[in-house]
Amino acid sequence: MPTKRPSNGSTTPDYLSRRGLIAGAAAGSLVGGPSWASPPATLAGAARAAGLRFGAAVRASALDQPRLRDVLAREAATLTPELELKWAALEPAAGRRHEAGADRIAAFARGHGKRLRGHTLLWHRSVPDWAARELASGGGWDIVARHIDATVGRYGALVDEWDVVNEPIEIGARPDGLRANAFIDAFGSDYIARALRAAHAAAPRARLFVNEYDLEYDLPAHRARRAALLRLATTLIERGVPLHGVGIQAHLDLGKGELATDELRGFVAALAALGLTVAVTELDCKEVDYIRPADERDRLVAAHVAGFLAAVLPHPAISSASCWGLTDDQSWLEVTAADRARFPGAWADGSSPGFNRGLPFDAAGRPKAMRDALLAAFAARPRS
Ligand code: G3I
């Protein structure tokens with residue numbers, strides 16, 4: 001295998017270097033140069049072989065980076081706009097839509113034969129101020145309906161999955177486990193069904209999801225959240241509401257203790273019994289220890305991700321797995337002041353802890369152990 005040894009001592013297969021990519025592209029393939037007997041696996045290809053779609057979140061501004069474009073083009077079958085489809089980003093002022101960012105990601109997806117995961121139509125953290133004011137003063141469903149129609153209508157079949165409602169659960173807020181937000185205040189708990197019906201009317205072929213976080217660990221709050229989300233899904237299905245899937249965000253965290261692997265298996269099976277598909281929508285991993293050598297850190301992340309994937313991926317109801325970014329430098333996860341405070345004296349010489357290493361590729365686009373964990377989990381998936 002042709003390899004180059006970069007200055008940090010890690011070994012990068014030539015097909016992942018810029019040179020290898022150019023050679024591959026020149027030979028008519030995005031992966032591998034002419035010397036490859038068969039192209040090496042990509043995450044998209046390995047997932048496809050396992051009956052899954054692999055995807056990644058991306059911000060439109062990141063598409064300025066040729067290296068990231070290469071990695072996305074090669075490794076992801078679907079793209080999730082990380083910011084650009086959220087209501088506050090799309091319509092910061094009433095009726096004035098800012099679609100350039102989402103359109104840019106859509107154009108990249110079309111140009112590379114990819115689909116988009118639509119994220120997200122209704123999210124309590126992304127209600128434009130003007131809409132929050134109108135909702136609070138009895139403005140009615142029309143503004144929500146217009147937002148859903150315009151957003152879903154614009155991208156048509158390119159978006160075949162929508163996170164219609166993001167993070168509708170909040171433990172302790174209400175007896176039904178639903179989040180107290182601007183929508184529930186204005187329309188009651190029926191806002192979720194209304195949004196799903198509106199999205200279904202605008203895109204009858206799209207698969208419609210609710211997407212949720214804090215479902216993965218053996219913690220009381222996660223247990224309660226799994227139960228509340230299952231109750232919500234059950235109610236919606238029993239009422240005949242067009243809900244097709246549930247998204248498990250999977251923002252993993254090495255500081256949160258044991259994964260609830262058995263419970264996760266049961267949770268996926270219970271959702272499947274309702275006829276739902278289940279997507280892993282925002283996979284990444286927050287680290288705890290930033291002073292170990294990078295390869296040790298990468299192995300810890302990979303082992304944790306592998307444990308999560310081993311719990312959920314074997315179930316046939318799982319349809320896709322997406323990471324929340326592909327390269328560490330693009331991650332929303334940062335090494336915070338609180339993280340630094342755990343290591344007194346570290347980086348006192350002005351050096352930097354660098355990035356959280358919770359995605360499959362490092363900041364230079366080199367694959368890490370987490371990518372191997374994903375490939376292995378896809379390969380191990382039982383074939384139906
Ligand atoms: O780009 C501007 C920059 O110009 C400005 O200087 C800076 C100052 O705050 O803000 C930058 O924008 C930030 C943007 O991320 C890009 O970094 C926004 O403030 C910040 O709110 C935004 O955060 C995003 C967050 O959703 C809110 O939209 C994160 O990137 C994004 O990863 C996160 O994604 C969420 C999912 O939608 C739902 N699940 C959890 C996940 C992580 O929080």
Side-chain angles (χ1 to χ4, degrees), residues 55-65 68 72 76 78-92 98-102 104-105 116-129 131-132 147 151 159 161-171 179 181-183 192 195 208-217 221-222 225-226 228-229 245-256 278-287 305 308 320-339 355-361 363:
V58 62
R59 298 186 202 120
S61 57
L63 291 175
D64 290 338
Q65 297 182 15
L68 181 68
L72 284 169
T78 63
L79 302 178
T80 307
E82 185 172 345
L83 308 171
E84 292 78 2
L85 288 173
K86 293 170 182 170
W87 195 1
L90 266 178
E91 198 178 0
H98 286 211
E99 290 155 337
R104 187 173 180 200
I105 299 174
L116 295 186
R117 279 204 91 251
H119 177 85
T120 170
L121 294 172
L122 297 189
W123 186 27
H124 64 284
R125 282 182 55 198
S126 189
V127 184
D129 290 344
H147 157 61
T151 307
V159 183
E161 287 186 359
W162 277 101
D163 289 337
V164 176
V165 183
N166 194 41
E167 302 173 3
I169 304 298
E170 184 184 20
I171 300 308
R179 180 178 293 281
N181 61 19
F183 307 110
I192 298 173
L208 306 181
F209 283 69
V210 292
N211 189 44
E212 192 53 81
Y213 71 104
D214 274 4
L215 300 166
E216 301 83 11
Y217 288 89
H222 287 229
R225 200 176 274 271
R226 288 190 293 272
L229 184 54
V246 163
I248 299 176
Q249 290 187 7
H251 290 293
L252 304 184
D253 186 333
L254 294 177
K256 284 193 175 163
V278 181
V280 175
T281 53
E282 305 185 15
L283 178 64
D284 58 15
C285 185
K286 172 86 175 142
E287 294 178 87
V305 167
F308 171 76
S320 63
S322 295
C323 289
W324 207 238
L326 266 189
T327 59
D328 291 333
D329 56 318
Q330 294 297 320
S331 178
W332 73 291
L333 293 169
E334 290 172 353
V335 184
T336 63
D339 293 324
F355 301 107
N356 186 82
R357 298 180 67 89
L359 286 171
F361 294 85

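Treat the numbers as computed from the prediction; the structure is a model and nothing was measured. All residue numbers in this chain count up from 1 along the given sequence. Atoms within each ligand, like the ligands themselves, are counted from 1 in listed order.
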Original post:
Do T281 and T80 have side chains that get closer than 4.5 Å, going by heavy atoms?
Top reply: no
Original post:
Who's the nearest protein heavy-atom neighbour of atom 36 (C) of ligand 1, and how far?
Top reply: H119 NE2, 3.4 Å
Subject >> Heteroatom distance test (W123, ligand 1): nitrogen or oxygen, under 3.5 angstrom >> reply: no
Subject >> Selection from E82, E212, R125 by shortest heavy-atom distance to atom 29 (C) of ligand 1 >> reply: E82
Original post:
Of all residues at least two apart in sequence or in a different chain, which pass the ring pair (Phe, Tyr, Trp, His ring centres under 6.0 Å) check with H147?
Top reply: W87
**OP:** Say whether, by atom type as modelled, one donor and one acceptor occur between the side chain of R59 and the main chain of L83 under 3.5 angstrom.
**Re:** no
**OP:** Tell me, with the steps shown, if E170 and N181 meet side chain to side chain donor-acceptor pair (under 3.5 Å).
**Re:** CA-CA 10 Å; E170 184 184 20; N181 61 19; over 6 Å; no
**OP:** Scan the protein's non-hydrogen atoms and note whether one is under 4.0 Å from atom 11 (C) of ligand 1.
**Re:** no
Original post:
Which residue and non-hydrogen atom of the protein lie closest to atom 22 (C) of ligand 1, and at what distance in Å?
Top reply: L83 CD2, 3.8 Å
Original post:
Heavy-atom distance to atom 38 (C) of ligand 1: which of E84, H251, E334, E282 wins?
Top reply: E282
Subject >> Spacing of F183 atom CZ and W123 atom CH2 [to the nearest 0.5 Å] >> reply: 11.5 Å
**OP:** Might you check, step by step, whether the distance between atom 1 (O) of ligand 1 and some protein heavy atom is under 4.0 Å?
**Re:** no
**OP:** Kindly indicate whether atom 15 (O) of ligand 1 is approached by any protein heavy atom to under 4.0 angstrom.
**Re:** yes
Original post:
Would you say the side chains of N356 and S331 form a donor-acceptor pair under 3.5 Å?
Top reply: no
Original post:
E212 side chain to I169 main-chain N or O, any donor-acceptor pair under 3.5 Å?
Top reply: yes
Original post:
atom 33 (C) of ligand 1: protein heavy atom closer than 4.0 Å?
Top reply: yes
**OP:** Enter the distance from T327:OG1 to L68:CG here, rounded to the nearest 0.5 Å.
**Re:** 5.0 Å
Original post:
Would one find an N or O of W332, backbone or side chain, under 3.5 Å from an N or O of ligand 1?
Top reply: no
Subject >> Protein non-hydrogen atom found under 4.0 Å from atom 24 (C) of ligand 1 >> reply: yes
**OP:** State whether any protein heavy atom lies less than 4.0 Å from atom 41 (C) of ligand 1.
**Re:** yes
Original post:
Tell me, which protein residue and heavy-atom name are nearest atom 28 (O) of ligand 1, and how many Å apart are they?
Top reply: K86 NZ, 2.9 Å
**OP:** Would you confirm whether the ring centroid of H251 sits within less than 6.0 angstrom of the ring centroid of Y213?
**Re:** no
Original post:
Measuring to protein heavy atoms, does anything land under 4.0 Å from atom 7 (C) of ligand 1?
Top reply: no
